[in-house]
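Have a look at the structure below before the remarks.
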Amino acid sequence: MSNWLEFTAKTVDEALTEALIKLEATSDQVEYEVLEKESTGFLGMFSKPARIRVCKKESVDEVVKNFLDKLFLHMGINVEVVMEYNEEESVIDIELKGEEMGVLIGKRGQTLDSIQYLTSLVANKDIENYVKIKMDTENYRQRRRETIENLAKNIASKVKKTRKPAYLEPMNPYERRIIHSTLQNDKYVDTYSEGDEPFRKVVVTVSKEYADMPRKYNNYRKKNYNNNNRRKSYNKNYNRGNGRNHSYTENED
């Protein structure tokens with residue numbers, strides 16, 4: 001918080017108005033305490049003015065920046081914090097830069113998620129309108145998203161082939177949503193989540209429509225079967241000619 005300043009006026013409201021003008025702020029941007037209420041005295045004699053103290057709230061991005069700087073200082077990691085605050089959408093985008101970002105990412109991004117969660121708690125502690133924190137480093141979020149999308153497609157392909165459900169490893173809500181979103185337009189599979197946090201996982205199964213469809217004949221086996229028949233037909237016709245030259249066409253049988 002900034003330094004507290006005292007203001008005196010006939011009433012608390014007038015004192016607060018003077019404070020807002022002085023600090024060039026609106027009422028939601030300051031905190032104030034009433035040190036002494038106004039008093040009219042007896043028959044208008046011995047009246048006392050109101051006295052308050054006021055301080056201007058720190059902007060949420062400044063609070064976040066101070067928190068992260070102190071956090072990384074205690075962790076002993078040199079990190080550059082680059083922030084962009086979109087007040088209209090109430091979103092703070094945070095990019096962490098440095099040489100030891102693998103430590104901040106952690107296994108499957110768990111450390112990065114934890115720091116983002118703590119930062120969100122700090123940012124929203126003393127404000128009315130919720131501010132969303134989005135934190136990233138070395139484009140990890142995008143790379144992780146692409147990995148999960150590819151995983152979802154590969155799992156779906158396996159499920160359709162075996163017609164058996166697949167149980168993925170536990171994921172956080174964000175990563176589970178990526179799985180659901182990636183496969184939502186695949187009419188041959190269904191997805192749902194089961195279990196309790198932090199062990200909640202996605203299950204991929206064949207859809208009822210696909211389950212009711214007959215299994216397709218294995219094209220590879222069918223192709224080999226046809227090739228074997230052709231070879232047998234050729235040998236049969238060759239032997240029929242007692243070893244003499246014999247023209248072979250696929251129409252012969």
Side-chain angles (χ1 to χ4, degrees), residues 1-75 77-98 101 104-105 109-142 145 172-174 177 197:
M1 289 290 180
S2 304
N3 293 331
W4 290 87
L5 299 176
E6 287 193 14
F7 294 86
T8 303
K10 289 183 178 181
T11 65
V12 171
D13 288 340
E14 289 182 5
L16 180 58
T17 300
E18 288 184 15
L20 296 179
I21 294 174
K22 175 71 175 180
L23 297 175
E24 297 181 346
T26 57
S27 58
D28 61 330
Q29 295 175 327
V30 301
E31 285 190 0
Y32 73 94
E33 294 180 3
V34 177
L35 301 177
E36 190 173 358
K37 290 186 177 181
E38 66 271 17
S39 174
T40 57
F42 178 70
L43 299 178
M45 300 175 63
F46 309 109
S47 61
K48 292 183 179 180
R51 187 165 61 93
I52 65 173
R53 69 171 189 161
V54 184
C55 72
K56 192 173 183 179
K57 293 179 181 178
E58 291 180 326
S59 60
V60 64
D61 54 337
E62 186 179 349
V63 172
V64 167
K65 181 69 164 55
N66 289 339
F67 167 73
L68 290 175
D69 286 343
K70 291 179 181 178
L71 174 65
F72 297 136
L73 179 63
H74 287 297
M75 293 177 67
I77 303 177
N78 186 19
V79 180
E80 179 186 358
V81 180
V82 181
M83 296 174 42
E84 184 176 345
Y85 181 25
N86 187 326
E87 294 190 50
E88 292 184 0
E89 298 184 5
S90 295
V91 175
I92 299 180
D93 286 297
I94 303 173
E95 177 71 19
L96 305 179
K97 298 183 178 181
M101 295 301 96
L104 294 185
I105 293 173
Q110 291 178 352
T111 304
L112 186 64
D113 289 340
S114 297
I115 297 175
Q116 178 176 279
Y117 175 70
L118 291 175
T119 304
S120 179
L121 292 180
V122 171
N124 291 284
K125 182 179 179 181
D126 296 316
I127 60 176
E128 296 180 0
N129 298 322
Y130 182 82
V131 174
K132 184 175 182 179
I133 302 295
K134 297 172 66 176
M135 185 177 293
D136 198 5
T137 181
E138 297 181 344
N139 200 33
Y140 171 77
R141 299 294 188 192
Q142 180 61 32
R145 181 182 185 90
N172 61 43
Y174 169 73
R177 283 195 295 270
E197 300 291 359

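As a basis for the values below, the full set of heavy atoms in this structure was taken, side chains included, without hydrogen atoms, waters or symmetry mates.
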Give me the atom names and distance for the closest heavy-atom approach of Asn124 to Val131. OD1-N, 2.7 Å
If we only count heavy atoms from C-beta on, is the Val64 to Met135 side-chain gap below 4.5 Å? no
Do you know the tightest heavy-atom contact between Glu31 and Trp4? O-CZ3, 3.6 Å
Flag the pair Lys132 and Asp93 as a salt bridge only when some basic side-chain nitrogen lies within less than 4.0 angstrom of an acidic carboxylate oxygen. no
Under a plain distance cut-off of 3.5 Å, with no hydrogens placed, do Thr11 and Asp13 share a side-chain donor-acceptor pair? no
Would you say Ser27 and Tyr32 are linked by a side-chain donor-acceptor pair, where the criterion is simply a distance under 3.5 Å? no
Roughly how far, to the nearest 0.5 Å, is CG of Asp61 from CG of Asn86? 11.5 Å
Once salt bridge (Lys or Arg N to Asp or Glu O under 4.0 Å) is applied, do any residues pair with Asp69, and if so which ones, sequence neighbours excluded? Lys65
With a cut-off of 6.0 Å (strictly less than), are more than 12 heavy atoms of other residues, nucleotides or ligands near CG of Asn66? yes
Between Lys56 and Leu23, the two heavy atoms sitting closest are NZ-O, 3.6 Å
Check whether any side-chain heavy atom of Leu121 lies under 4.5 Å from a side-chain heavy atom of Tyr117, and answer yes or no. yes
Validation row: Met75, Leu104 side chains within 4.5 angstrom (heavy atoms): yes
Arg141 side, atom CZ; Tyr174 side, atom OH - distance, nearest 0.5 Å: 7.0 Å
Between CD1 of Ile115 and CD1 of Ile133, what distance do you get to the nearest 0.5 Å? 13.0 Å
Value rounded to 0.5 Å, distance of OG1 in Thr8 from CD in Glu18: 8.0 Å
Measuring from atom CG of Leu35 to atom CZ of Arg51, what distance do you get when rounded to the nearest 0.5 angstrom? 4.5 Å
Heavy-atom count check: over 12 atoms from other residues, nucleotides or ligands less than 6.0 Å from Glu24 CD? no
Where Tyr130 and Ser120 come nearest, the two heavy atoms and their spacing: OH-OG, 3.3 Å
Option passing side-chain contact (heavy atoms from CB on, under 4.5 Å) with Leu96 (candidates Asp136, Leu112, Ile105): Leu112
Applying side chain to side chain contact (heavy atoms under 4.5 Å, CB included), run through Val81 and Phe72 and close with a yes or a no. CA-CA 10 Å; Val81 180; Phe72 297 136; 3.9 Å; yes
pair Ile94-Gln116: side-chain heavy atoms closer than 4.5 Å: no
Please assess Ile52 against Val34 for the test side chain to side chain contact (heavy atoms under 4.5 Å, CB included), listing each intermediate value before the final yes or no. CA-CA 4 Å; Ile52 65 173; Val34 177; 4.2 Å; yes
Return the minimal non-hydrogen interatomic distance between Gly98 and Glu138, and the atom names on each side. O-OE2, 4.2 Å
Taking every heavy atom of Ala15 against every heavy atom of Ala9, the minimum-distance pair comes out as N-CB, 3.4 Å
Asn129 atom CG, neighbour heavy-atom count above 12 within 6.0 Å: no
Around Glu84, counting heavy atoms of other residues, nucleotides and ligands shown, do more than 12 lie under 6.0 Å from its CD? no
Rounded distance (nearest 0.5 Å) linking atom CZ of Arg53 with atom CG of Leu5: 10.5 Å
Salt bridge or not between Glu38 and Lys10? Use side-chain N to carboxylate O under 4.0 Å. no
Going by heavy atoms in the side chains, are Glu197 and Pro173 under 4.5 Å from each other? yes
